[in-house]
Amino acid sequence: MTKKRIVCNKIIGDSGIVDKFETVPFEKAIKLQNEQTLALLKEKWKIELAQRKKEWDENPGWPAKLVTTSFKLNGIDYILNSVDLGYTDGGFDQGFMESVQGYLRGDLEAGGATDVYNDGFID
């Protein structure tokens, strides 16, 4: 893989700061970017799904098991489960995740994810 880098040819202000820059390999930069993207999405989901989760807990729809959402982000494979979203690994929390997988898929694809696949089994 070809190494990529960003070069800035004009320094404004203290040019001594250039000595503090660290070169980051392209692959590491992509992983860091992915981690930031996923952290932002998880925080978004925590906020936006809070009311739906509360309603679900009051009247759970169904228990499920082995619920996952897998995808590629910038060529790296990821798998999310209910624990990754801040819920338990219990059947009804997995059922909730299964009920919102379409919503998760939309956000993941909007964030650049490809090959999004939702999986799960009603318990």
Side-chain angles (χ1 to χ4, degrees):
M1 176 177 267
T2 305
K3 300 253 184 204
K4 297 180 182 179
R5 61 188 170 134
I6 299 173
V7 178
C8 177
N9 62 2
K10 184 172 183 177
I11 304 294
I12 299 172
D14 181 11
S15 62
I17 197 166
V18 174
D19 297 332
K20 299 175 187 173
F21 287 150
E22 177 184 341
T23 301
V24 177
F26 181 72
E27 294 79 13
K28 184 176 180 181
I30 291 298
K31 286 181 183 178
L32 289 170
Q33 178 182 339
N34 287 355
E35 289 172 12
Q36 290 174 343
T37 298
L38 292 174
L40 289 171
L41 284 173
K42 287 176 188 179
E43 187 61 29
K44 176 184 188 287
W45 295 331
K46 179 180 176 182
I47 294 165
E48 292 184 1
L49 294 174
Q51 183 60 36
R52 287 173 71 172
K53 179 65 167 93
K54 181 180 175 187
E55 292 167 3
W56 179 273
D57 288 343
E58 291 170 359
N59 187 20
W62 61 88
K65 61 184 174 186
L66 305 174
V67 177
T68 61
T69 297
S70 59
F71 56 95
K72 285 186 182 288
L73 187 58
N74 295 314
I76 300 173
D77 293 321
Y78 292 91
I79 297 175
L80 293 175
N81 59 45
S82 60
V83 174
D84 295 320
L85 301 179
Y87 309 125
T88 71
D89 198 26
F92 285 103
D93 276 359
Q94 288 195 50
F96 176 73
M97 180 176 167
E98 190 174 52
S99 77
V100 297
Q101 281 179 317
Y103 172 80
L104 302 178
R105 178 188 193 110
D107 281 350
L108 287 165
E109 289 175 344
T114 59
D115 301 332
V116 181
Y117 182 75
N118 296 318
D119 200 9
F121 301 93
I122 293 179
D123 203 12

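Values in this document were obtained by computation on a predicted structure and should not be read as measured data. Because only heavy atoms are used, hydrogens play no part in the values below, and waters and symmetry mates are left out as well, while side chains stay in.
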Heavy-atom closest contact (Ile79 atom, Ser70 atom, distance) = CG1-CB, 3.9 Å

Closest contact, heavy atoms only, Glu98 versus Gly120 = OE2-C, 3.5 Å

Could you state the interatomic distance from CD1 (Ile30) to OG1 (Thr37), rounded to the nearest 0.5 Å?
-> 9.5 Å

The reported gap from OG1 in Thr69 to CG in Asp84 (rounded to nearest 0.5 angstrom) is 10.0 Å

Return yes if some donor-acceptor pair links the side-chain N/O of Asn34 with the main-chain N/O of Leu73 below 3.5 Å, else return no.
-> yes

Are the side chains of Leu66 and Asp119 in touch, meaning some heavy atoms are under 4.5 Å apart?
-> no

Reported CG-to-CG distance for the pair Leu85 and Leu49, which is rounded to 0.5 angstrom = 8.0 Å

Polar side-chain atom of Gln101 near backbone of Thr68 as donor-acceptor pair, under 3.5 Å = yes

Just wondering, more than 12 heavy atoms not from Lys42 lying within 6.0 Å of its NZ?
-> yes

Please report the closest heavy-atom contact between Ala29 and Val24, naming both atoms and the distance.
-> N-CG1, 3.8 Å

Parallel, tilted or perpendicular: which fits the ring planes of Phe71 and Tyr78, with parallel below 30° and perpendicular above 60°?
-> parallel

Any Tyr87 side-chain heavy atom under 4.5 Å of Gln94 side chain | no

Could you check if a side-chain atom of Lys53 sits within less than 4.5 angstrom of a side-chain atom of Val100, using non-hydrogen atoms only?
-> no

For residues Thr88 and Ser82, report the shortest heavy-atom separation together with the two atoms involved.
-> O-OG, 2.6 Å

Quick one: NZ on Lys28 to CD on Gln33, what's the gap to the nearest 0.5 Å?
-> 15.0 Å

Over all atoms of both residues, closest heavy-atom pair of Glu58 and Pro60 | C-CD, 3.8 Å

Side-chain touch Leu108/Leu38, heavy atoms, less than 4.5 angstrom | yes

State the CG-CG distance between Asp115 and Asp77, to the nearest 0.5 angstrom.
-> 8.0 Å

Please answer: with hydrophobic residues joined when any side-chain heavy atoms are less than 4.5 Å apart, are Ile76 and Leu104 in the same cluster?
-> yes

Around atom NZ of Lys65, are there more than 12 heavy atoms of other residues, nucleotides or ligands at under 6.0 Å?
-> no

To the nearest 0.5 angstrom, please state how far the CH2 atom of Trp56 sits from the CE atom of Met97.
-> 12.5 Å

Given side chains that start at C-beta, do those of Glu55 and Gln51 come closer than 4.5 Å, heavy atoms only?
-> yes

Side chain to side chain, Ser99 and Trp62, heavy atoms closer than 4.5 Å | yes

With the threshold set at 4.0 Å, does a side-chain nitrogen-carboxylate oxygen contact exist between Arg105 and Glu109?
-> yes

Within 6.0 Å of OH in Tyr103, more than 12 heavy atoms from elsewhere = yes

Does the side chain of Asp89 come within less than 4.5 Å of Asn81's, by heavy atoms?
-> no

